[in-house]
Amino acid sequence: MQIKCNVLDRQFQMHQEEYEEAALRVLRSGWYILGKEVEQFEEAFVVYTGRKYCVGLNSGLDALIMSVRALGIGAGDEVIVQANTYIATVLGITENKAVPVFIEPDEYFNMDAEQIEQAITPRTKAVMVTHLYGQASNMERIAQIAEKHQLALIEDCAQSHGACFGGKMTGSFGISGCFSFYPTKNLGAFGDAGAVVTDDKAFADQIRMMRNYGSRVRYYNEIEGLNSRLDEMQAALLRVKLKYMDELNDERKKLAAVYDRGIKNDKIILPKVRNGADSIYHQYVIRCKGREKLQKFLQERDIQTQIHYPIPPHLADCYRYLGHEKGEFLLAEQYAREVLSLPIYTGMTDEEQQYVIAALNAF
Ligand SMILES: Cc1ncc(COP(=O)(O)O)c(C=O)c1O
């Protein structure tokens, strides 16, 4: 049996007719970028996330870059970020010439709230928190620290659509909730797409202008903007998927519970979920000291796995200029050596999952 990391077409097939209908509606409408479909998706996502405003964008990276920019954070300013996040989080900072200040993750792979205060300097402007692998970060504590020090709180929710902390949805704690709808995400489009959600009208207006060349009224450019518009096709398809979001997340939670119960191997450390937090299992990430051997063992049995992520951003070639060295963030570096993401996707059969579990237990 061959098991892929991700099988996207099964999710499409579950609601195929609705997707096809939405796609045809857009094709026949004669209007393809920033129109009624985008407005309707934004309205639906506002309701889903419990925020006041949503601005549909081209990608999750744009959501991060534009959030930092709209807050006026730029050259010389510092933004605190966890050292084991995906590179995109950090790019959101450095694209604005601001400086990422890394801190270690906690045992749940998320930002360790207790490390924030010692990283604050007079130049610190924001905390950018990633709800990694789908688990909500320790938001009560993080929001409290950000408020105490008057730091902007930006949430990278690229992997956490629908995940909650204390019953409150990720993306609704900070001034900005940044979402990616890249096809593999839990709320995945059929191409690139992203969004910012916020309760701050002025901030939403700024992002809205920024996404369309800096203009509110066509050809009247108030600020130096970008082109980061959500297209009608992605918006229409996303609105279909959003209706089933909780169902899709529940299915992943059930798959994760099957892994939790089924994997029994002393060499493997299973993921944990913090009290009060919730995970939508964008990834199911185990740890293993002999990770390369395990990955090869699984590969030989035709089971694909992925490593999220093999090189922490502070050691990435592109950030050599920041001057970080190996050994600076021991836990993040250990995770980079040990983490392995198992196959998990909507429509995964029990037979497929039991095959993976049997292989893991035989290792
Ligand atoms: C944590 C995180 N942040 C940001 C992004 C960027 O999203 P996008 O690929 O839509 O630009 C991703 C996805 O790739 C991600 O996983």
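Just follow the structure's listing: the first ligand is 1, and inside any ligand the first atom is 1. Since the model is a prediction, treat every value here as computed from it, not as a measurement. The first residue of the sequence shown is numbered 1, and numbering continues consecutively from there.
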Taking N or O atoms only and a 3.5 Å limit, does Gly60 qualify as a polar contact for ligand 1?
yes
For atom 5 (C) of ligand 1, what is the closest protein heavy atom, and at what distance to 0.1 Å?
Ala88 CB, 3.5 Å
Are a donor atom and an acceptor atom from the side chains of Asn186 and His161 found within less than 3.5 Å of each other?
no
Of all the non-hydrogen atoms in the protein, which one sits nearest to atom 1 (C) of ligand 1, and at what distance?
Asp156 OD2, 3.5 Å
Is the shortest N/O to N/O distance between Tyr86 and ligand 1 below 3.5 Å?
no
Under 3.5 Å between any N/O of Lys185 and any N/O of ligand 1: does that happen in this structure?
yes
Check this for me: Tyr220, atom OH, are more than 12 non-hydrogen atoms of other residues, nucleotides or ligands nearer than 6.0 Å?
no
Nearest to atom 9 (O) of ligand 1 by heavy atom, Ser180, Ala189, Pro183, Gly92: which?
Ser180
Could you verify whether a donor N or O on one side chain and an acceptor N or O on the other, from Arg10 and Gln13, lie under 3.5 Å apart?
no
Should the heavy atoms of other residues, nucleotides or ligands under 6.0 Å from CD of Glu351 be counted, would the total exceed 12?
no
Look only at interatomic distance and state if Tyr182 has a nitrogen or oxygen under 3.5 Å from any nitrogen or oxygen of ligand 1.
no
Classify the side-chain pair Glu352/Tyr345 by whether it contains a donor and acceptor separated by less than 3.5 Å.
yes
Check whether the side chains of Gln11 and Thr346 place a donor and an acceptor atom closer than 3.5 Å, and report yes or no.
yes
Distance filter under 4.0 Å to Thr130 heavy atoms, resulting ligand 1 atoms
1 (C)
If you draw a 6.0 Å radius around CD in Gln334, do more than 12 non-hydrogen atoms from other residues or ligands fall strictly inside?
yes
Going by the order shown, which atoms of ligand 1 are within less than 4.0 Å of some heavy atom of Leu61?
6 (C), 7 (O), 8 (P), 11 (O)
For atom 16 (O) of ligand 1, closest protein heavy-atom neighbour:
Gln159 NE2, 2.8 Å
Ser59: numbered ligand 1 atoms lying under 4.0 Å from its heavy atoms:
10 (O), 11 (O)
For a 4.5 angstrom cut-off between non-hydrogen side-chain atoms, does Glu333 reach Leu315?
yes
